[in-house]
2 protein chains.
Amino acid sequence: MDVRTLCLGALMGGEASGYEIRKMFEDGTYSHFQMASLGSIYPALTRLTQDGMVTFVEKEQENRPDKKVYQLTSEGRRSFLRGLLQTRPGEDRYRSDILFMLTFAEELPVELTEALLDEMEARQEIALAQIDPDRKRDDTSCGIYGREENGDLKPGCKFVSGLGEAMYRATLDFIRKNKTALIDDLRARRNNHKSR
Amino acid sequence: MDVRTLCLGALMGGEASGYEIRKMFEDGTYSHFQMASLGSIYPALTRLTQDGMVTFVEKEQENRPDKKVYQLTSEGRRSFLRGLLQTRPGEDRYRSDILFMLTFAEELPVELTEALLDEMEARQEIALAQIDPDRKRDDTSCGIYGREENGDLKPGCKFVSGLGEAMYRATLDFIRKNKTALIDDLRARRNNHKSR
DNA sequence: GGGTGACTGTATCGGTCCGATATATATCAG
DNA sequence: CTGATATATATCGGACCGATACAGTCACCC
């Protein structure tokens, strides 16, 4: 799923600037299962403009740098949905440096392992908190896709964020339940090695 | 975490060829939380050789193409562990095209949504099955890191694979519990739109 | 007998994308 | 009044994936 497609998807929720699109992938709607950086978003928007998929208006702002606010054309909207019909979605992929490092827990100082576990727990907590319990309409900003007129989440979005929540909860649960056991195990092993 | 570090980690379990390292990231030990392709593994091994982190022996095989079997040098091993001590691990990142597509479920044919859900369920099942129930020593192949002399998983690896299992289970659970509700919801909505 | 696909291997390359950086302006805390 | 943070666009080097080439073996089926 390339960044151009991702940008089209982001604009399905209404107009947005490049900066705002990045925020959707950084903090917002898509942050839990997709990524795109400014270094790829801006070129993507330029090409999408050339191809007639989006248009933009330059908006002057008070006390802020100017904005280019992008918007889907009807061709862009059609093309995006047609694309989804044809695309074979790529494999889900989870990447975690911390888990990779924990694989070598036996070779590392126990303190580092502890720190890694705490770090991971903290990050998961933050991510879970970001999947709003009920932050219905606090952001006046850009039109984020997924809300009904009455402010409720659309079924697709509800499902996806529910799934995200379930994953974070399961992860947190597992860490909390098994953290001390792992640490104890490592300490015991460390003592065995010394005494031998 | 760049591919060179990843390769050093892979070789912590013993000697391996480039092809075998890729398998660890494709099917094996690391497949659930890291990725590296041949297109980056081979150059990485070349550079690691130049830097004295690994050495290789060319092994002729019967009925098979020749192999270059790589092995950590003591410098490589030290350098890897030192690296882990200094590295700030990158953020965990989950990427899923299917979830992105499901975000737009309302705009897609219900059949596609159904297919996506089934596809995702199937993939998670496969992944879960890959996290061994008890495939202790069936692979005679390369020395994969994480086993004790007696064949048990080392604590670090046990933790990590346990966490993986918990995540897959939670995901599968959620999909199974909420799939039909989502589909029904979408169908109902479709009828509402028609009748209006 | 011969085509076809699957597996083991090494290697290269185009194109995409991340991460860092530059530039500019404004707010706010200390 | 300095430094951190936020908004905003834009570029670029380097890393990495995915596809492809090349080469050999095996099993299968027609």
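Throughout, protein chains are lettered first and strands after them, A, B, ... in sequence-line order, and every chain is numbered starting at 1.
In terms of position on DNA chain D, the residue among A/Ser17 and B/Met35 whose nearest nucleotide sits closer to the 5' end is A/Ser17. Position along DNA chain C of the nearest nucleotide to B/Ser40 versus A/Leu38 favours B/Ser40 as the more 5'-ward residue.
One can place CZ of B/Arg4 at 12 Å from C1' of D/dA15, the figure rounded to the nearest angstrom. For A/Tyr19 and C/dA22, the OH to C1' distance is 15 Å, given to the nearest whole Å. Put simply, CD1 on B/Ile21 is 16 Å from C1' on D/dC16, counting in whole angstrom units. Atom CD in B/Gln34 sits about 17 Å away from atom P in D/dA15, given to the nearest Å. Atoms CZ (B/Arg47) and P (C/dA11) sit 17 Å apart, rounded to a whole Å. A/Arg93 places its CZ atom 14 Å from the C1' atom of C/dC17, with the value rounded to the nearest Å. In this entry the distance linking CE of B/Met1 with C1' of D/dC17 reads 19 Å, nearest Å. As a whole-Å value, the separation of A/Leu45 CG from C/dC17 P is 13 Å.
Residue B/Tyr19 holds its OH atom at 5.0 Å from CZ of B/Arg22, rounded to the nearest 0.5 Å.
The shortest side-chain heavy-atom distance between B/Met35 and B/Glu26 falls under the 4.5 Å cut-off. With contacts defined as side-chain heavy-atom distances shorter than 4.5 Å, the pair B/Thr87/B/Thr5 does not qualify. The closest side-chain heavy-atom distance from A/Cys7 to A/Arg4 is not below 4.5 Å.
Here the nucleotide nearest the side chain of B/Glu20, chosen from D/dC17, C/dG9, C/dA11, is C/dG9. The nucleotide whose nearest atom lies closest to any side-chain atom of B/Tyr42 is, among C/dA11, C/dC18, D/dA10, C/dA11. Listed candidates were C/dA11, D/dC17, D/dT7. Nearest to the side chain of B/Ala36 is D/dC17.
Taking the six-membered ring wherever Trp is involved, the centroid distance between the rings of A/Tyr30 and A/Phe25 falls below 6.0 Å.
Nucleic acid contact for B/Gly18: sugar-phosphate only, since backbone atoms but no base atoms lie under 4.0 Å from a heavy atom of the residue.
The side chain of B/Lys68 places an N or O atom within less than 4.0 Å of a non-bridging phosphate oxygen (OP1 or OP2) of C/dA11. Between D/dA8 and A/Lys67, a contact under 4.0 Å exists linking OP1 or OP2 to a side-chain N or O.
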